[in-house]
Amino acid sequence: MQRTALRATLAVLIGPSLLLLTALNVAPFFLGVYMSLYYWSLANLGPPRFLGLLNYEYLFADYRFIDSIKVSLLFVVLSVATELVLGTTLAFVFSSRARGMASLRRISLLPVMVMPLVAGLVWFYLFNPTYGTVTWLCYAVGLGRIPFLTKDWLALLCLVIADVWQWTPLVMVVVFAALQSIPEYCYEAGKMDGLSQRQMLWRITLPLIRPAIVVIMILRAIDSFRNIELVYMMTRGGSGTETLPWYIYSTAFIDGNLGSAAAMAVVMVLFVTVLTQFLVGRLRYRQA
Amino acid sequence: MREATIPPPASRHRSVGHWRPLRTGGLLAVAVAFVGWCVFPFYIMITTALKTDPQIFAWPPVWLFHPVLRNMQNAFFVVGGRSALFFLMNSIIVTAVSTILAVLLGSMTAYGLARFHFPGDRNIAFFILSTRFAPPVAFVIPTYVLVERVGLLDTRLALIIVYTAANVSFVTWILRGFFVDIPKEIEEAALVDGYRHIEIFWRVALPLIKPGVITTGILCAVFSWNEFLYAMILTQSRASTLPVYLSQFSGSTTLVWDQYMAVGVIAVLPVLLAAWWLEKHLVRGMTFGAVR
Amino acid sequence: MTRVYLREICLSFGRFHLFDGLSFECPEHAYLCLVGPSGCGKTTLLRIVAGLTHPDSGDIMIGGARVNDLPPWGRGVGLAFQNYALYPHLSVAENLAFPLRARTRKDRVRGAELHRRVRDMAALLQIEPLLHRSVTQLSGGQQQRVALGRSLICNPRVLLLDEPIAHLDVRLRYQMRLELKRLHQRAGTTTIQVTHDQQEALAVADIVAVLKDGQLEQIGPPLKLYRHPATAFVAAFIGDPPMSILRAELITDDGELALRISEAVIPLPRKFIRNLTGARSTKVLLGLRPTQVALADYAGPHTVAGIIYSHEIVGRQLELVLAIGNDRLRYRTDRVLRVSVGEHVNVSLALDNARLFDGGTGRCLGADDDIAELGTVETV
Amino acid sequence: MPAIEFLSVTKRYPDGTVAVSSLDLAIEPAEYVCLLGPSGCGKSSTLRMLAGLEEVSEGELRLDGRAINGLPAQRRDMAMVFENYALYPHLNVFDNIAMPLVARGRAASEICTRVARVAEALQISDLLKRYPAQLSGGQRQRVGVGRAIVRRPSTFLLDEPFGHLEAYLRLQLRAEFRRLHERLGTTTLHITHDHEEAAAVSDRIAVIEQGRLQQFGTFLELLDNPVNRFVAEFIGSPPINLLPAQLTGSENGPCVKVGPAKVPLPMARTAGLSQAVASEQLTFGVRPEDVYFDTQDTSETLFGDVVAIEPQGDFSLITVDITVGTIRAMMSSTTILRRGQRVGLRFDVSRAHLFAADGHSLLVPPVRPAGKAR
């Protein structure tokens, strides 16, 4: 008798959410797979035409698609690596007990939650070739007028810089929290055991913050892999900045080829799922 | 033998004290430089919003000028048929409603998953979490088709539903951690005291994790507020939110920097306040509870 | 009738069987203490009575009715948790009122009546000045009182206390255990308390039940357990100091029964002999209190040789822990001795009031009737 | 020369709180000393200053006669067992125990044999591959001890080593600690709030309260000759009875008036008792084991009703309500008594105490056979 009551309570508690998530995640996923098998045009008002796996065949022959994956990966690797190195170093800096550090840390967090579109807008202005502040600063130190957003490898670098600007503080504060959560007794035990400063760093500090670094690394990788706002605002996919999300977006909503875009989306979902599994594995481990 | 291990202590101690201020000064300098780099774009955004066109397009940049508020007014009252105010209203409504719904549904689910054990409960929890990481650009295509079929294109309801779903997974995952941290005995006490599970959820468990609920709610609101892709695709005009307004800049031919920067300031301001306020809890939220 | 009776309780977690047909009874108005080492199942048993843990089989009877299918709130029990489990978001008064406000309660009270009940309870527990404080600002002793008040405020038929005073400091513990006892004497609510501290159990309870590995070792009045432990486990658990248990062998020495302990042979007093018919083997366990041990100046035929394993000061006495073979024997003295670990000593044992246990089952050999009747201190 | 010396050592924290104030303490080589006091009394700060984990604000700390105030913890050659065991969560048991040797750059083979030997002595050989999170409290505690004894330090510092353990484990371990101490002969400083634990393991006990040393001596000295009310209350179980009292005179010399009773004090103990305290409100202290039942109605007998009887085995604790308070008496559990019964009480004045309003003890210490108990 009690068991039925418990089941009803449970259904009330988790039912609505599961329904919602099914409707907006599971259903679209299968619809996406379905669409990828059709010629499904945004403009064409007629019924979609079944193509089988043709969309996928085209995809892997499409050098733009392959390139977009390469660009995306390059973007992810460059930005996440920079953020990790910078963020971790800065976390150590901010761990100093000097006065004012806490306020500085707080201010440095401001970029983290800024609307990515606005970040793109501002950096677009800063990198403007004719009046951008960064362009002028480079010119002022004698580097000449650099066409940041139109030169091939430079444009991607600008995206990386904008991403680094926005997310380094998060990496910093996460590593900082991990550093703070190392119990003081570990260092005290280290002192009593006779460890030198260097030994403390290598044998206590770094091993203990490693899990946090791995988590934030995967999180950042997933996040920057699906970023579209920066490209949208700053380059619109030009000058070697056509990332996978942008290519999918433009195929679907600029070219109007939903079926082909859906096929790419399916590939992307598989890609992200692999990354996510790493992360979920980590979280599962942390919860155990 | 024991005496041999003890050197005269004084000199060593002093040397540490001598270097400490220098070291601290160096670290502070690095920290200040980093903060400068973080704040610089904000400075440019705000000043641009307060400049006149010639000042904006000046080479070299104008550093000293008389701020004008005209751009703000233009952005909100003058431009064409529709002012940014309209987009702002949409943003506020969509954000508020989706946040409340997500926190409500998510906290219920989180409680269910934290307190009731049934076969596969953890798998459900991880399924819910992994939906959060789905790339929006991949899901927006079928979602667009679905929303179009049910006739909700260009409605605030569509955005509310999509954002609620996205946030429910987040809320569920984070609050589940909070609920698990509540000592089981407190809820068992309520059970002995005569309360049913749903009542315990409302009257004991939820009040106990209020800080967590507020934090999570704010993070949800920030997500809904900032979300661009779905808003862009699922709305055309009537239900468009601020990011959609801002995105028009990218395609437009005239560079009205001042107005867009002004709207940007408006779009960023509430979020900055949230970030400032959340500082302590940000890490737990942003890392899905992996780092506290 | 608020007798609590558990019949044939079985509970297992996976392959681990905690209870395998455990039965026991707490009479009406009794104050029963469940004691035992950690993991013996005493808290689980309390939770079974409260309805927070469900046994795989068996009946839970409260006041003559089977309550297995009733939810916790339907059983008329009050439960005070070990960590107090107060609602940290509520004040003291709100904590006390919380059970009275429950919608499932038929005798739900509101308004002035509710205030009166809360005030009365606060007065009983002497926490009136704290009523409007947040419970997070209270000291351990005060929190404990609030927890007790919350479990009592609905006038439960059965009061369940889980380690109520374990977290308090020594002096407060002495004070609170006295108060618990006096509270029970006044209200007469059937009470079951769980504790790991056997001294506390002896002090407060009318009936003490010793649990080990989910099995009831012995149940009875405190002094009965102290004087007539039914098993070697109870003997070594109850009392401060508890009995020391030595392994011994029954032998015949010149036609007389005797005990062999390591090398020594000690004649067995006559009164034990008729009890030994129940012994299944010659291996027995000898239980001795430190008062039944004396240091001998010389090694004789009846003395036992041992090595000082450790020594400590207990109150005004010196306690020696002696290693006799693989067993430990405690000895206490008021004398000032200079001893060191590893020293060889000889002890003589007074077997007249010793207890003998079966070497295999650990059960006491011999009925209780041959020793002077128990309970000369009345605890009315 | 003392092994460890505190010379008016003071610890002041940046927020101004004084944890330890001008502490003087000298610990002999190979001595086992307990620092005893309630939580927050400053005993932990004392230990941590000695360990080098906290700086000394004022005064001097000496190890074998040399000042060590500025010496970093790494070079003090002490080993510590922490209250929470302070095991490295990311290292397994073997690596935890090996850490002090690794820090000193010992050869791998030496590390292996020494860790193995320690693990065997502590009976944790089969746990070497486990991580701290997979161990029970008692096992963690053993690992913490193993890490301390894997090398031979000059001093052992034990910070509430049994704090988080179950009662029976505590009893068992304190015997082990005493044994270990007698085997190794290492100077040991042990922090605890449990006077029974302190009595059991130590040679001498330093009672600390509010950052000040109250008394330093053997347990029996503390028990029978407390310098003040705090020590008397803190030591002994069941706790001492404290009753309001005044000093009066009688034909036989000074008397203590407790409630209606007049308790005469032995001459030998009243020497130096000044008349100044005669008007003060004093506190009379007597331990439950020094209270006797008496049927005679004399002027020194206190009458009251039995309110509770708590059997403890061979003896029972009897709580008697005398109008000025309650008294706990210890008596054989073979005596027949009833709740509500009226009884007369007398005290063993040769072991009773009298405390002034400011808490200090007024009577001359009772005579005790001299010499160390051990």
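No experiment lies behind these values; they were computed from the predicted model shown. In what follows, every chain begins at residue 1, and chains take the letters A, B, ... in the order their sequences are listed.
- For a residue to count as touching a neighbouring chain, one of its non-hydrogen atoms must lie under 4.5 Å from one of that chain's; by this rule Ile107(A) touches chain B with backbone and side chain alike.
- Looking at heavy atoms from C-beta onward, Phe139(B) lies in side-chain contact with Val269(A) at the 4.5 angstrom threshold.
- The shortest non-hydrogen separation linking Phe133(B) to Val272(A) is O-CG1, 3.4 Å.
- Looking at Phe271(A), neither its backbone nor its side chain comes within 4.5 Å of chain B, counting heavy atoms on both sides.
- In this structure, the portion of Leu90(A) lying under 4.5 Å from any heavy atom of chain B is its side chain and not its backbone.
- Most heavy-atom pairs under 4.5 Å with chain A, from the set Tyr111(B), Phe40(B), Phe127(B), Trp37(B): that is Trp37(B).
- The only member of Leu6(A), Leu10(A), Val12(A), Leu13(A) that meets side chain to side chain contact (heavy atoms under 4.5 Å, CB included) when paired with His197(B) is Leu6(A).
- The two residues Ala274(B) and Met113(A) have their closest heavy-atom pair at C-CE, 4.0 Å.
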Quick one, Tyr249(A) with Val140(B), criterion side-chain contact (heavy atoms from CB on, under 4.5 Å). Give me CA distance, side-chain angles, the key distance, then yes/no. CA-CA 9 Å; Tyr249(A) 172 82; Val140(B) 76; over 6 Å; no
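- In terms of non-hydrogen atom pairs under 4.5 Å with chain A, the most contact-rich of Val145(B), Thr143(B), Ile124(B), Leu219(B) is Val145(B).
- For a residue to count as touching a neighbouring chain, one of its non-hydrogen atoms must lie under 4.5 Å from one of that chain's; by this rule Leu258(A) touches chain B with backbone and side chain alike.
- Separation of atoms CG (Leu28(B)) and CG (Leu104(A)) is listed at 7.0 Å; rounding is to 0.5 Å.
- When all heavy atoms of Ala267(B) and Met115(A) are compared, the closest pair comes out as CB-CE, 3.7 Å.
- Among all heavy-atom pairs drawn from Arg149(B) and Trp40(A), the shortest one is NH2-CZ2, 3.8 Å.
- Using a 4.5 Å cut-off between heavy atoms, Arg97(A) makes no contact with chain B at all.
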